[in-house]
There are 2 protein chains.
Amino acid sequence: MKRFKNYPIQGGGRRDSSHNGGMANSTKASKPADGAGARTARRRASITDVARAAGVAVGTVSNVLNKPDRVLPATRERVEAAIAELNFVRNGSARQLRAGTLTSVGVVVLDLSNPFFTDAARGIQDRLERDSFTLMVAGSDEDLDRERRYLRLYEEHGVQGVIVSPATDDIDHVLALRERGTAAVLLDRPSPVPELASVAVDDVAGGRLAVAHLIAQGHERIAFLNGSHSIRQCRDRREGAAAAMTDAGLDPETALVEITVPSLTPQGGEAGIREALALPAASRPSAVFCVNDLVALGVLRTLRREGIAVPEEMAVVGYDDVTFAAELATPLSSVRQPTLELGTRAADLLFRPEDSAPEQVVFEPELVTRESSAAR
Amino acid sequence: MKRFKNYPIQGGGRRDSSHNGGMANSTKASKPADGAGARTARRRASITDVARAAGVAVGTVSNVLNKPDRVLPATRERVEAAIAELNFVRNGSARQLRAGTLTSVGVVVLDLSNPFFTDAARGIQDRLERDSFTLMVAGSDEDLDRERRYLRLYEEHGVQGVIVSPATDDIDHVLALRERGTAAVLLDRPSPVPELASVAVDDVAGGRLAVAHLIAQGHERIAFLNGSHSIRQCRDRREGAAAAMTDAGLDPETALVEITVPSLTPQGGEAGIREALALPAASRPSAVFCVNDLVALGVLRTLRREGIAVPEEMAVVGYDDVTFAAELATPLSSVRQPTLELGTRAADLLFRPEDSAPEQVVFEPELVTRESSAAR
DNA sequence: GGTAGTTTTTGAACCGTTTCACGATCAGGG
DNA sequence: CCCTGATCGTGAAACGGTTCAAAAACTACC
């Protein structure tokens with residue numbers, strides 16, 4: 001710590017690029033002769049500075065950095081000493097500009113605060129870490145413009161590839177980016193075109209699993225608290241739910257009561273279940289399938305408040321199998337997705353050899369049954 | 001989608017001498033014999049290409065990009081057409097190398113899958129988005145080496161600043177980085193030195209709040225399910241808990257029963273509370289303070305299974321006030337931290353004017369009381 | 001038509017690396 | 001003593017932008 005007492009001046013004087021920048025650059029070149037030494041070049045040391053300090057050519061410094069065995073140990077040590085001395089840190093921009101290799105990957109997810117996506121991001125990072133790639137993560141909040149902006153930014157930064165969970169069905173910009181030479185993989189979304197790799201979980205199957213399970217428990221009228229159909233996951237789960245009905249000889253038109261919740265949160269769930277409860281007794285469902293666990297949380301809370309027994313009077317199934325699903329007052333049945341693996345697999349696909357065909361991976365979800373949907 | 005069927009051809013034909021443009025490229029870059037592929041080998045268009053296509057000088061193209069009002073509308077349009085035509089995307093590395101301005105910020109947090117940190121990251125992103133900064137996020141998993149590695153990577157990439165929640169007390173590398181000219185802010189950790197800005201929540205106060213509350217409810221012997229003392233947050237919360245005891249005239253030595261849980265998870269909580277319950281009746285606590293809500297979750301679950309009434313026989317307080325705390329069978333009292341604001345504030349500090357002194361922000365936590373610690 | 005002033009455009013220099021053809025140096029064999 | 005090869009080290013040429021002094025093209029006005 002004390003070591004740094006010397007430096008603060010460094011931070012204080014700022015490079016005033018505007019007026020004397022040009023002058024200082026060409027005329028004076030550097031170092032207006034101060035005896036104090038030590039507090040010299042505020043500019044980050046460059047490879048040239050190192051070369052001068054070590055009394056070698058820049059090429060040699062570069063070799064020390066990149067191909068150490070090509071330089072004599074004696075020279076190498078001298079250079080390394082200079083590097084330490086000057087506190088030299090490579091300039092990645094120059095490096096990439098010349099060499100063309102940067103090791104970073106950009107990720108755009110729908111929602112930074114959704115555990116589903118952060119777990120996936122974690123998976124991506126785990127996989128990428130081996131090759132010391134850097135992750136850049138951003139959340140689009142389901143906004144197409146924001147998604148585009150981040151992808152463009154990533155591309156300018158020269159990322160090696162991008163992994164994106166698209167906000168809408170419009171993925172032209174992803175295709176275009178890929179055409180320009182940046183690898184791309186869709187996350188949580190099957191690719192609509194064969195040229196683009198993707199990793200997804202079969203949401204139709206997930207919806208089907210949940211509803212088939214409820215039917216097997218004897219329910220014949222099921223509410224589906226769903227989000228907006230503009231979100232693909234919502235559409236697909238709905239489709240699966242309906243299919244399960246048809247499989248069982250029920251008519252989705254009447255047996256599946258879809259209710260659109262105002263938001264995918266506990267509050268949304270509360271509003272949704274109240275709407276279901278308000279239905280005339282004759283058409284009132286005996287079970288609810290929730291499009292995610294947060295919604296289910298609100299449903300459970302409301303049912304408890306209303307004194308409606310779960311699962312006896314109303315069965316509940318959620319989606320995502322979040323950490324706390326098993327720990328609730330009434331442990332919640334839920335459809336589990338292999339979140340982490342989703343991420344690692346996406347990262348894998350990013351770096352497949354050029355000539356191999358893009359791959360479309362689809363994981364199967366799995367139903368975890370707990371008390372909230374136990375047989376009556 | 002169909003639109004892009006054309007692209008490969010466009011790319012091929014565009015390159016001067018349309019017939020063998022592709023070949024010319026591949027002489028150097030190999031990649032012979034690609035049938036349908038065609039997308040390979042295409043060099044990204046550069047500003048020079050655009051200039052040539054538009055019949056202007058490179059400087060003009062640059063101006064169109066950066067100072068559009070300095071170029072005549074007619075010229076601008078011509079250039080813009082060329083840009084669109086060639087599918088030109090700026091090369092950020094070159095841009096930064098010359099101009100020195102890159103707009104990205106690196107963040108290193110302890111744990112990517114912890115909602116606390118992802119919420120903070122969200123706050124950071126929200127704040128940074130205005131200036132279209134890019135976020136690069138990484139998790140250190142409490143490993144100092146990994147933390148160092150990511151910071152170094154960020155520095156090489158030339159980020160504008162870093163926000164880091166340090167894994168250990170050793171922050172020399174952060175200071176060094178800052179001395180080299182990269183802005184830095186500590187997250188969730190008060191800075192030990194005045195030169196470094198930081199944003200934190202007062203964990204001592206948090207621990208004190210929780211325990212003082214329990215004492216006010218009449219508890220005189222309180223278990224503290226804590227994590228390893230190598231984690232600063234754990235140390236501080238413990239300190240606060242003990243202080244609350246002293247404040248109330250109790251002796252922490254006997255009144256505060258600290259139990260170290262094997263992990264900061266529900267499973268850890270279960271193990272911890274079992275240890276507490278195994279104590280001889282005389283020294284058995286009547287309340288538990290848990291170092292985070294996940295631990296509290298396990299405690300609640302175990303108590304329920306054991307038929308111990310909450311809060312009548314055992315009161316429980318958690319930490320973090322996660323989303324579902326209020327939604328549990330027994331709604332959980334918890335210490336809330338202004339997570340999002342933590343992030344936005346950290347981002348703010350990053351870009352304060354050079355000459356202003358680094359600022360140390362400490363937020364006060366807040367106790368949210370619910371049923372799990374209601375008066376008996 | 002000439003002059004001065006203003007707006008546009010130009011083009012070369014430069015940012016900090018990597019790369020690579022080319023010298024230097026040296027050991028050993030003929 | 002010369003030649004050959006191998007090993008090290010050199011230094012200039014990219015990479016693709018931004019900058020800025022200076023040239024060019026206009027404008028307005030006498």
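Lettering follows sequence order; numbering is per chain, from 1.
Between A:Val58 and A:Thr75, the residue anchored closer to the 5' end of DNA chain D is A:Thr75, taking for each the nucleotide with the nearest heavy atom.
To the nearest angstrom, C1' of D:dG9 lies 11 Å from CZ of A:Arg78. Between A:Arg52 atom CZ and C:dT17 atom P there is a gap of 12 Å when expressed in whole angstrom units. Counting to the nearest Å, the P atom of C:dG16 and the CD1 atom of A:Ile83 are 16 Å from each other. The nearest whole Å value for the distance from the CG atom in B:Asn66 to the P atom in D:dT19 is 7 Å. As a whole-Å value, the separation of B:Asn91 CG from D:dT18 P is 10 Å.
With distances taken from any side-chain atom of A:Arg95 to the nucleotides C:dT18, C:dT9, D:dG9, the minimum falls on C:dT18. With distances taken from any side-chain atom of B:Ser46 to the nucleotides C:dT18, C:dT9, D:dG16, the minimum falls on D:dG16. Each of D:dC15, C:dT9, D:dG17 was ranked by its minimum atom distance to the side chain of A:Arg98; first place goes to D:dC15. Residue A:Leu97 places its side chain closer to C:dG16 than to any other of C:dT19, C:dG16, D:dT18.
Backbone-only contact: B:Leu72 has heavy atoms under 4.0 Å from sugar-phosphate atoms and none from a base. B:Val56 comes within contact range of the sugar-phosphate backbone alone, with a heavy-atom separation under 4.0 Å but no base atom that close. Among the heavy atoms of the strands lying under 4.0 Å from A:Ser62 is at least one base atom, whether or not backbone atoms are also near.
For A:Gln96 and B:His157, the side-chain atoms include no donor-acceptor pair closer than 3.5 Å. In this model, no donor atom of one side chain and acceptor atom of the other lie less than 3.5 Å apart for A:Glu155 and A:Tyr150.
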